[in-house]
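Proteins come first, then strands; the chains are lettered A, B, ... in the order of their sequence lines, and each starts at number 1.
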Number of protein chains: 2
Amino acid sequence: MTFSEENYLKTIYHLTSVSDADISTNAIAEKMETKASSVTDMLKKLSEKDLVNYIKYQGVSLTDKGKLAAKMIVRKHRLWECFLVEKLDFSWDEVHDIAEQLEHIKSEKLINKLDDFLGNPTEDPHGDPIPDAQGRIIKVEKQLLSEFEKNQIGICVGVKDTSSDFLKYLDKQEIALGSQIEIIEKESFDSSFRIRVGTKEITISNKIASNLYIK
Amino acid sequence: MTFSEENYLKTIYHLTSVSDADISTNAIAEKMETKASSVTDMLKKLSEKDLVNYIKYQGVSLTDKGKLAAKMIVRKHRLWECFLVEKLDFSWDEVHDIAEQLEHIKSEKLINKLDDFLGNPTEDPHGDPIPDAQGRIIKVEKQLLSEFEKNQIGICVGVKDTSSDFLKYLDKQEIALGSQIEIIEKESFDSSFRIRVGTKEITISNKIASNLYIK
DNA sequence: AATTAAATTTAGACAAAGCTAAAAATTATA
DNA sequence: TATAATTTTTAGCTTTGTCTAAATTTAATT
């Protein structure tokens, strides 16, 4: 499997986890910052290899084989992210691009040994679940902070947006995985939130609240 | 720089370290298991980028820029090999192919952090030197066991051949880096050696002795 | 020195993965 | 429902890195 094929599978996998329905050519093109015509070419190729179910003009979905392959790439990506943060002391906003490269290294033995070396983590540094060697995922039920009501208290367990900008903002506000967050006030005018993080009180926009997972 | 370009640079670097003279197209082709015509194409490209000095029909050598680039690839390869052996518990005969992939990961920060994580090793699991971040190499003077004479004693500090077969043979004979080796007898007929490794006495062929570095 | 052999390069072709522009199918709208 | 707008696909071109076969240059040998 080529790097490019792997990237397409991963993208389709991620898009599927949001929408459930078949994925459109344009959606893939947009996510991958490529052209629709390139996507069409690749879908034919992946279909040929039984990695996706593809019908012209109708969109695409992963076959079982494709889904497992995608999960293995996600597994690698997230395990490498753990390695970078926990062992090499990278911060959580720096690891994505490097993991994007490392996820394509081909060696099952390597990834399973890495898994053991890291103590078989179930989540990556952004709170996303890590599939095991069989592709099984432990789902943690979690809500967006934006769906919380006044006086509710929860623990930050993940981020939806993993962009460097967002993660650096969180660092600045001292919001990390494991932080306790309490809703003090919900401003009805702009849907912003007054929250307590640890001992500090801060105001965050609705956009921020819509990208924080709480349990 | 593409994977392919990096592989050519690395190959030229390795060939240079043996012969010193300009490298021939065929030598590169043979080492890389590709065709001479493909090599010619790539040499033009590398020359265009000032990574090699290339004159038609005359052979090729690395420029300073090319040599530094090659050293950085070798640095990455050998640091990753250390990681695999020391942290993930791979054996020394398993790491080459995986490091061959990992050496192409692009991130200076990553490789320098990995270097620190490993305690800034100066040699890889086969006894080969690891260039530092500036490309400097600590040269250790070492001899082939085959050049030793009767009654000489030394420590095994490296292997010339790093093929899995050879390394497994050494494991079987309990010869490892750091093993003390004493020449008991040199058989003039076939140039084989009777040696003492630790407490055991064994006989090894000249081919084996020609691939073991001793200090 | 002439000829043969070997090494090297050139020319032209191919597969992968991308692109643009045009055609076709689907969806939305008047 | 007919037309317009959007989406998707097709056709053809480009680049990278490879190949084969032919041409050229260098080296070896008579």
Side-chain angles (χ1 to χ4, degrees), chain A residues 1-13 15-16 18-62 66 69-70 73 100-101 103-106, chain B residues 1-13 15-16 18-62 66 69-70 73 100-101 103-106:
Chain A
M1 187 131 55
T2 65
F3 282 25
S4 192
E5 287 173 342
E6 291 190 340
N7 285 333
Y8 274 93
L9 284 184
K10 193 182 54 164
T11 300
I12 298 167
Y13 177 78
L15 289 171
T16 304
V18 207
S19 85
D20 219 42
D22 277 14
I23 307 304
S24 75
T25 302
N26 263 4
I28 298 169
E30 194 175 343
K31 191 96 184 263
M32 299 189 72
E33 298 182 38
T34 183
K35 301 295 168 178
S37 55
S38 307
V39 176
T40 301
D41 287 346
M42 182 56 86
L43 293 183
K44 283 184 202 162
K45 195 173 159 193
L46 294 174
S47 178
E48 204 61 43
K49 294 190 176 187
D50 272 318
L51 292 162
V52 301
N53 305 116
Y54 169 60
I55 307 167
K56 266 195 191 185
Y57 295 103
Q58 301 294 119
V60 72
S61 63
L62 292 171
I73 301 161
E100 203 79 348
Q101 298 180 61
E103 73 189 3
H104 298 295
I105 302 293
K106 269 123 193 130
Chain B
M1 188 132 56
T2 66
F3 282 24
S4 193
E5 287 172 343
E6 292 190 339
N7 285 333
Y8 275 94
L9 285 184
K10 193 183 55 164
T11 299
I12 298 168
Y13 177 77
L15 288 171
T16 303
V18 206
S19 84
D20 220 43
D22 277 14
I23 308 302
S24 75
T25 303
N26 262 4
I28 299 168
E30 193 175 346
K31 191 97 186 260
M32 300 188 72
E33 297 182 37
T34 183
K35 302 295 167 177
S37 57
S38 308
V39 175
T40 301
D41 287 346
M42 182 56 84
L43 292 183
K44 283 184 202 162
K45 194 173 160 195
L46 293 175
S47 179
E48 203 61 42
K49 293 191 177 186
D50 273 317
L51 292 163
V52 300
N53 305 116
Y54 169 60
I55 307 168
K56 266 194 190 187
Y57 295 103
Q58 300 294 119
V60 72
S61 64
L62 293 172
I73 301 161
E100 203 79 348
Q101 298 181 63
E103 71 189 4
H104 298 296
I105 301 294
K106 269 121 191 130

Interface polar pairs with nucleotides 18-22 of chain C, N/O, under 3.5 angstrom:
{"residue": "C:dG18", "atom": "OP1", "partner": "A:S4", "partner atom": "OG", "Å": "3.2"}
{"residue": "C:dG18", "atom": "OP2", "partner": "A:Y8", "partner atom": "OH", "Å": "3.4"}
{"residue": "C:dC19", "atom": "OP2", "partner": "A:T34", "partner atom": "OG1", "Å": "2.6"}
{"residue": "C:dC19", "atom": "OP2", "partner": "A:K35", "partner atom": "N", "Å": "3.1"}
{"residue": "C:dC19", "atom": "OP2", "partner": "A:S38", "partner atom": "OG", "Å": "2.5"}
{"residue": "C:dT20", "atom": "O4", "partner": "A:S37", "partner atom": "OG", "Å": "2.9"}

Enumerate all atom pairs, one protein N or O and one N or O from nucleotides 25-28 of chain C, separated by less than 3.5 Å.
{"residue": "C:dA25", "atom": "O4'", "partner": "A:Y57", "partner atom": "OH", "Å": "3.4"}

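Annotation: salt bridge (Lys or Arg N to Asp or Glu O under 4.0 Å) contacts involving residues 46-60 of chain A, sequence neighbours excluded, comprise A:E5-A:K49.
Taking the side chain as every heavy atom from C-beta outward, A:M1 and A:L9 approach each other to under 4.5 Å. Using a 4.5 Å heavy-atom threshold, the side chains of A:V60 and A:I28 count as touching. Residues B:K10 and B:K31 fail the side-chain proximity criterion, which asks for heavy atoms closer than 4.5 Å. In this structure, the side chains of A:E103 and A:N7 come closer than 4.5 Å at one or more pairs of heavy atoms. Residues A:I105 and B:I105 meet the side-chain proximity criterion, which asks for heavy atoms closer than 4.5 Å. Residues B:V39 and B:N26 have side chains not in contact (no heavy-atom distance under 4.5 Å, counting atoms from C-beta outward). By the 4.5 Å heavy-atom criterion applied to side chains, A:Y54 and A:T40 are counted as neighbours. No side-chain heavy atom of B:H104 sits less than 4.5 Å from a side-chain heavy atom of B:Q101.
With sequence neighbours left out, B:K106 forms a salt bridge (charged side-chain N to carboxylate O under 4.0 Å, His left out) with B:E6. The side-chain contact (heavy atoms from CB on, under 4.5 Å) check on A:S37 picks up A:K35, with sequence neighbours excluded.
With rounding to whole Å, B:N7 atom CG is found 14 Å from D:dT18 atom C1'. Whole-Å rounding puts the B:E5 CD to D:dT18 C1' distance at 14 Å. What separates CG of A:L46 from C1' of D:dT9 is a distance of 16 Å, to the nearest Å.
Between B:Y54 and C:dT8 there is no side-chain N or O to OP1 or OP2 distance below 4.0 Å. B:K44 has a side-chain polar atom (N or O) that falls below the 4.0 Å cut-off from OP1 or OP2 of C:dT10.
Sorted by residue number, the members of residues 18-30 of chain A with any non-hydrogen atom under 4.0 Å from DNA chain D read A:S24, A:T25, A:N26.
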